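This structure is a prediction, so every number in the text was calculated from the model and none was measured.
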Amino acid sequence: MTDVQNQEPDSKTQQQVENPFIEGIKTIGLSAILAFGIRSFVAEARYIPSGSMLPTLQINDRLIIDKVSYKFTSPERGDIVVFNPTEALEKQNFHDAFIKRVIGIPGDKVEVKGGRVYVNDQALREKYIDEQPNYRYGPVTVPPNAYLVLGDNRNNSYDSHYWGFVPRDKIIGRAIVRFWPLNRAGEVDQSPVDSSDK
């Protein structure tokens, strides 16, 4: 007697083979659940609707937003972050997410004067802006669990110097990769600031 026997499938076994239509629905359903899980907890795609981050990010750029890193680390100066509207922005009927660059982290003293941004009395060397800021702001101290964010297009950005700080719990994630357009695809610069004048 052999260990494996050939048997004709009985009618019960034949019924266990599912209809291809049902299999397709299950596959689509599982894919949707996985996609929702990834988008909710891991990463998501976003597009740039305005010019507030020019020249770093162009209108209609498509980015991947990392939603996991900040569960283990805190945002750092220079990170480009996506965040939900703050309370001040909600009062102005803003509902869509914003994207800006972190300039001040908790405890930092930030001031804009003479066309420069100063953090803790040190001028930032910002290699990503086209125009120096033509406004004066601060000095302000960034409170605990909050961040000061500015757009790279300093003179055409609705950012912290208008409406205040971003609470930590409003930050969705960090822009890490541009995937469209293809000719500019690649990593988004994550270390663009230096607080020393070299």
Q) Is there side-chain contact between Val110 and Val142, with at least one heavy-atom pair below 4.5 Å? A) yes
Q) Are Arg101 and Glu126 ion-paired here, with the side-chain N under 4.0 Å from a carboxylate O? A) no
Q: Indicate yes or no: at least one non-hydrogen side-chain atom of Asn155 is less than 4.5 angstrom from one of Tyr135.
A: yes
Q. Passes salt bridge (Lys or Arg N to Asp or Glu O under 4.0 Å), Arg116 versus Glu111? Steps please.
A. CA-CA 8 Å; Arg116 303 290 301 269; Glu111 185 173 13; over 6 Å; no
Q: With Met53 as reference, evaluate Ile80, Leu150, Asn153, Asp159 under the side-chain contact (heavy atoms from CB on, under 4.5 Å) test and give the passing residue.
A: Ile80
Q: Could you tell me whether the side chains of Tyr147 and Asp79 share a donor-acceptor contact shorter than 3.5 Å?
A: no
Q) Shared ILVMFWY cluster between Leu54 and Val117, side chains joined below 4.5 angstrom? A) no
Q: Check Ala175 against Ile99 and note the closest heavy-atom contact, atom names and distance.
A: CB-CD1, 4.3 Å
Q: Locate the shortest heavy-atom distance separating Gly173 from Tyr70; write the atom from each residue and the value.
A: C-CE1, 3.9 Å
Q | Within 6.0 Å of CG in Asp169, more than 12 heavy atoms from elsewhere | A | yes
(Q) Is it the case that atom CG in Asn145 sees more than 12 heavy atoms from other parts of the structure closer than 6.0 Å? (A) no
Q. Which atom pair, heavy atoms only, marks the closest approach of Gln132 to Gly115?
A. CB-O, 3.2 Å
Q: State yes or no: do Ile59 and Leu63 share one hydrophobic cluster built from I, L, V, M, F, W and Y residues joined by side-chain heavy-atom distances below 4.5 Å, directly or via other members?
A: no
Q) Which pair of non-hydrogen atoms, one from Ser160 and one from Phe165, has the smallest distance, and what is that distance? A) OG-CA, 4.3 Å
**Q.** Side chain Arg184, main chain Arg178, donor-acceptor under 3.5 Å
**A.** no
**Q.** Parallel, tilted or perpendicular, as decided by the 30° and 60° cut-offs, for the rings of Tyr162 and Tyr158
**A.** tilted
Q.
To check you understand the geometry: which heavy-atom pair defines the closest contact between His161 and Arg154, and what is its length?
A. CE1-O, 4.4 Å
Q: Mind checking the NZ-OG1 spacing from Lys127 to Thr56? Nearest 0.5 Å is all I need.
A: 10.5 Å
Q. Between Lys100 and Ser52, is any pair of side-chain heavy atoms under 4.5 Å apart?
A. yes
Q: Please answer: with hydrophobic residues joined when any side-chain heavy atoms are less than 4.5 Å apart, are Val81 and Phe94 in the same cluster?
A: yes
Q. Out of curiosity, Ile65 CD1 to Ile172 CD1, how far, rounded to the nearest 0.5 Å?
A. 8.5 Å
Q) Hey, quick one: are Tyr118 and Ile129 part of the same hydrophobic cluster, counting side-chain heavy atoms closer than 4.5 Å, chains of contacts allowed? A) no
Q. Is the shortest heavy-atom distance from the side chain of Arg168 to the side chain of Pro75 under 4.5 Å?
A. yes
Q: Specify whether Phe83 and Trp163 have parallel, tilted or perpendicular ring planes, treating 30° as the upper limit for parallel and 60° as the lower limit for perpendicular.
A: tilted
Q) Where is the tightest heavy-atom contact between Phe98 and Asp96, given as atom of each residue plus distance? A) CD1-O, 3.4 Å
Q. If you round to the nearest 0.5 Å, how far is CG of Leu182 from CZ of Arg62?
A. 11.5 Å
Q | Cluster link Ile171 to Val149, ILVMFWY, side chain under 4.5 Å | A | yes
Q. So, does Asn120 use its side chain to make a donor-acceptor pair with the main chain of Lys109 at under 3.5 Å?
A. yes
